[in-house]
Amino acid sequence: MSFDLQQVYEHEADAVCAVLSRFDLRGADLEDAMHDTFVIAAGRVTTFDASRPVRPWLLGIAFRVGVGRLRTRRVHDSKLPDDRDPAQNPERTVELNQAASLLRRALTEISEEQGTVFTLFDLQGVPMAEIAQSMGVPLQTAYSRLRLAREAVMAAVKRYERSAYAP
Amino acid sequence: MRPEELPPPELKALLDQLPPPPTLGPMKGAVWARVASSVAAGPAAGVAAATGVATVKQALALVAAAVVCGAGGVIAGRTVFAREPRVIVHTEYVVSPAPPTAAPPTPTTLSTAVPEASAGPAARPAVTRRSTLSLAATGSSEERQLIDAARVALLKRDVAAAQRAIDSHRTAFPRGQLLEERLTLEVQVLMLQGKSAEAADAARRFLQRYPGSVFGPVVEAALEAAPE
């Protein structure tokens with residue numbers, strides 16, 4: 001089994017960054033989370049089945065790191081930190097932020113397995129065949145998990161939307 | 001796109017509103033430098049795969065050496081290495097831990113030693129160190145996250161972060177499957193904090209509670225480094 005961590009980093013760092021950014025990690029926090037993700041991956045390389053695709057496995061680790069950091073920070077946000085120029089398109093900025101905020105909270109509420117499948121497919125566009133192979137399940141099982149994950153995400157989003165507008 | 005892949009309209013509407021992810025930019029190189037440095041702090045050889053070992057003795061030696069290398073230890077006040085102990089073993093040697101509380105899973109030991117009856121919540125199979133190896137349980141994902149966070153923090157010499165993760169684990173999982181692993185991390189944190197005497201006390205309690213633990217060598221190292 002061969003696993004070149006630097007090569008994996010070169011290929012996957014952007015995808016890991018994308019996953020972690022969904023958890024409102026920026027700047028030094030994002031850098032720390034990325035570091036942690038790859039260090040954890042390095043530590044688990046001996047249990048990694050090299051016949052399976054790297055990306056789903058690695059992004060699964062990133063997902064857990066992101067969720068862990070968010071839960072630790074206990075972010076109860078009704079607004080995101082503003083990393084965009086609101087003067088350019090304030091309404092669009094608010095809309096984007098609300099969607100990201102709702103999704104972020106939903107991802108911390110659903111199971112890790114569901115969150116991982118959802119993140120890999122719907123957010124990162126990893127082919128379902130790769131996800132299934134990484135999970136070691138038949139393709140149809142992976143699709144079933146995706147369906148359940150989507151239902152869980154939308155249920156969580158609706159819960160937050162209702163609570164946001166509750167009297 | 002297959003029908004199963006099409007998101008429901010509501011979900012699609014949400015996904016369409018998401019901002020694009022940020023780009024790494026110059027941070028990419030800086031992060032790699034940190035990762036490389038942290039990983040280099042570990043042993044050159046990873047945890048060995050014991051697959052295919054011919055004898056029990058070879059498996060024990062291989063796994064014990066791997067665990068010593070992989071479990072993490074503090075010697076003379078500096079973290080030597082910290083890497084999650086995971087071992088792929090031959091199918092004849094399926095290893096699982098005996099948690100200190102609740103109904104234990106069915107551990108398969110490397111010997112035919114028969115466990116004693118449980119004497120209480122912290123009871124463990126009565127086996128000698130040579131005869132039984134138990135590796136860190138996987139725990140729930142949440143529990144594993146906290147232990148991972150503490151371990152990574154120790155790697156980075158971030159004692160405060162390690163302590164926070166340990167405290168969180170203690171609160172959330174007072175009798176978690178990864179309790180044994182957490183206790184070893186506590187000893188390492190105490191050493192990094194310069195509290196050698198406290199670390200030694202914690203180490204002695206650990207060794208009394210978990211005789212034959214796979215983390216024994218790590219904890220013993222802390223004991224040896226403590227002043228008399």
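Residue numbers begin at 1 in each chain, while the letters A, B, ... track the order of the sequences.
- Using modelled atom types, no side-chain atom of B/Lys28 and backbone atom of A/Tyr9 make a donor-acceptor pair closer than 3.5 Å.
- Summarising the geometry of B/Pro21 relative to A/Arg22, their closest heavy-atom pair is CD-NH2, 4.1 Å, with the distance given to 0.1 Å.
- Proximity to chain B involves both the backbone and the side chain of A/Met34, based on heavy atoms less than 4.5 angstrom apart.
- Annotation for B/Glu5: atom CD counts as buried by contact number, over 12 foreign heavy atoms lying within 6.0 Å.
- Only the side chain of B/Leu15 comes within less than 4.5 Å of a heavy atom of chain A; its backbone N, CA, C and O stay farther away.
- Looking only at side-chain heavy atoms (C-beta outward), B/Arg2 and A/Met128 stay at 4.5 Å or farther from each other.
- In this structure, A/Leu103 and B/Gln17 have side chains that are not in contact, with every pair of non-hydrogen atoms separated by 4.5 Å or more.
- For chain B, the nearby part of A/Val157 is the side chain; its heavy atoms alone come within less than 4.5 Å.
- Listed by chain and residue number, A/Glu31, A/Asp32 satisfy the side chain to side chain donor-acceptor pair (under 3.5 Å) test with B/Arg34 (two or more places apart in sequence, or in another chain).
- For A/Arg64, the parts sitting under 4.5 Å from any heavy atom of chain B are the backbone and the side chain alike.
- Contact annotation for A/Leu139: only side-chain heavy atoms (C-beta onward) come within less than 4.5 Å of a heavy atom of chain B.
- Here the side chains of B/Pro8 and A/Met154 are not in contact, with every heavy-atom distance at 4.5 Å or above.
- Heavy atoms closer than 4.5 Å to chain B are found nowhere in A/Glu151, neither backbone nor side chain.
- Of the two parts of A/Leu20, neither the backbone nor the side chain holds a non-hydrogen atom closer than 4.5 Å to a non-hydrogen atom of chain B.
- Neither the backbone nor the side chain of A/Glu113 comes within less than 4.5 Å of any heavy atom in chain B.
- Contact of B/Arg164 with chain A is not made at all, since no heavy-atom distance falls under 4.5 Å.
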